Amino acid sequence: MLWSIIVGGFIGFLAGAITNKGGVMGIIANVVAGLIGSSVGQSLFGTWGPSLAGMSLIPSVLGAVIVVAVVSFFFGKKG
């Protein structure tokens with residue numbers, strides 16, 4: 001459980017860095033984006049590539065980028 005949270009946070013951090021939204025996201029948001037993104041990514045892209053804590057890293061990062069981009073589109077600053 002703890003290992004999944006750590007890996008989810010790392011995946012969320014990477015997604016935030018890729019989308020340039022990492023500075024406005026907190027630690028909790030990184031973990032949530034990483035865990036949800038992992039689920040989304042593995043559903044869309046499958047389970048290939050290296051794996052940690054039951055999460056395939058490459059599809060998980062791709063899914064987290066999608067999650068961060070969609071959330072920031074709807075809830076980001078409007079100005």
Side-chain angles (χ1 to χ4, degrees):
M1 177 76 175
L2 179 61
W3 189 239
S4 296
I5 292 172
I6 292 169
V7 173
F10 177 71
I11 290 169
F13 172 77
L14 282 178
I18 290 170
T19 59
N20 291 326
K21 304 292 183 198
V24 297
M25 291 174 50
I27 293 172
I28 303 296
N30 279 334
V31 171
V32 170
L35 294 174
I36 293 173
S38 176
S39 178
V40 169
Q42 290 183 58
S43 296
L44 292 175
F45 304 115
T47 56
W48 52 273
S51 179
L52 276 176
M55 296 180 239
S56 298
L57 295 180
I58 297 170
S60 296
V61 170
L62 293 174
V65 166
I66 292 170
V67 168
V68 169
V70 168
V71 168
S72 67
F73 177 77
F74 286 109
F75 297 107
K77 289 188 176 181
K78 303 292 186 209

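Because the structure is a prediction, the values reported are computed rather than measured. Positions are given from 1 along the sequence.
- Among all heavy-atom pairs drawn from Ala64 and Ala33, the shortest one is CB-O, 3.7 Å.
- Annotation: the span from Gln42 atom CD to Ser56 atom OG amounts to 4.5 Å, rounded to 0.5 Å.
- With contacts defined as side-chain heavy-atom distances shorter than 4.5 Å, the pair Phe10/Leu52 does not qualify.
- Counting only heavy atoms from C-beta outward, the side chains of Val61 and Ile18 approach each other to under 4.5 Å.
- Counting heavy atoms from C-beta outward, Pro59 and Trp48 have side chains that approach closer than 4.5 Å.
- Heavy-atom minimum distance, Ala15 versus Val68: CB-CG2, 4.1 Å.
- Between Ser39 and Ser43, the closest heavy-atom pair is O-OG, 2.9 Å.
- Nearest heavy atoms, Ser4 versus Met55: O-CE, 3.3 Å.
- Of the inter-residue distances, the one linking Phe45 atom CZ with Ile66 atom CD1 reads 4.0 Å to the nearest 0.5 angstrom.
- To the nearest 0.5 Å, the span separating CG on Leu57 from OG1 on Thr47 amounts to 12.0 Å.
- Nearest heavy atom pair, residue Ala53 against residue Val7, reads CB-CG2, 4.0 Å.
- The side-chain contact (heavy atoms from CB on, under 4.5 Å) test with Val67 is passed by exactly one of Leu35, Leu62, Val40: Val40.
- Between the side chain of Ser72 and the backbone N or O of Ala69 there is at least one donor-acceptor pair closer than 3.5 Å.
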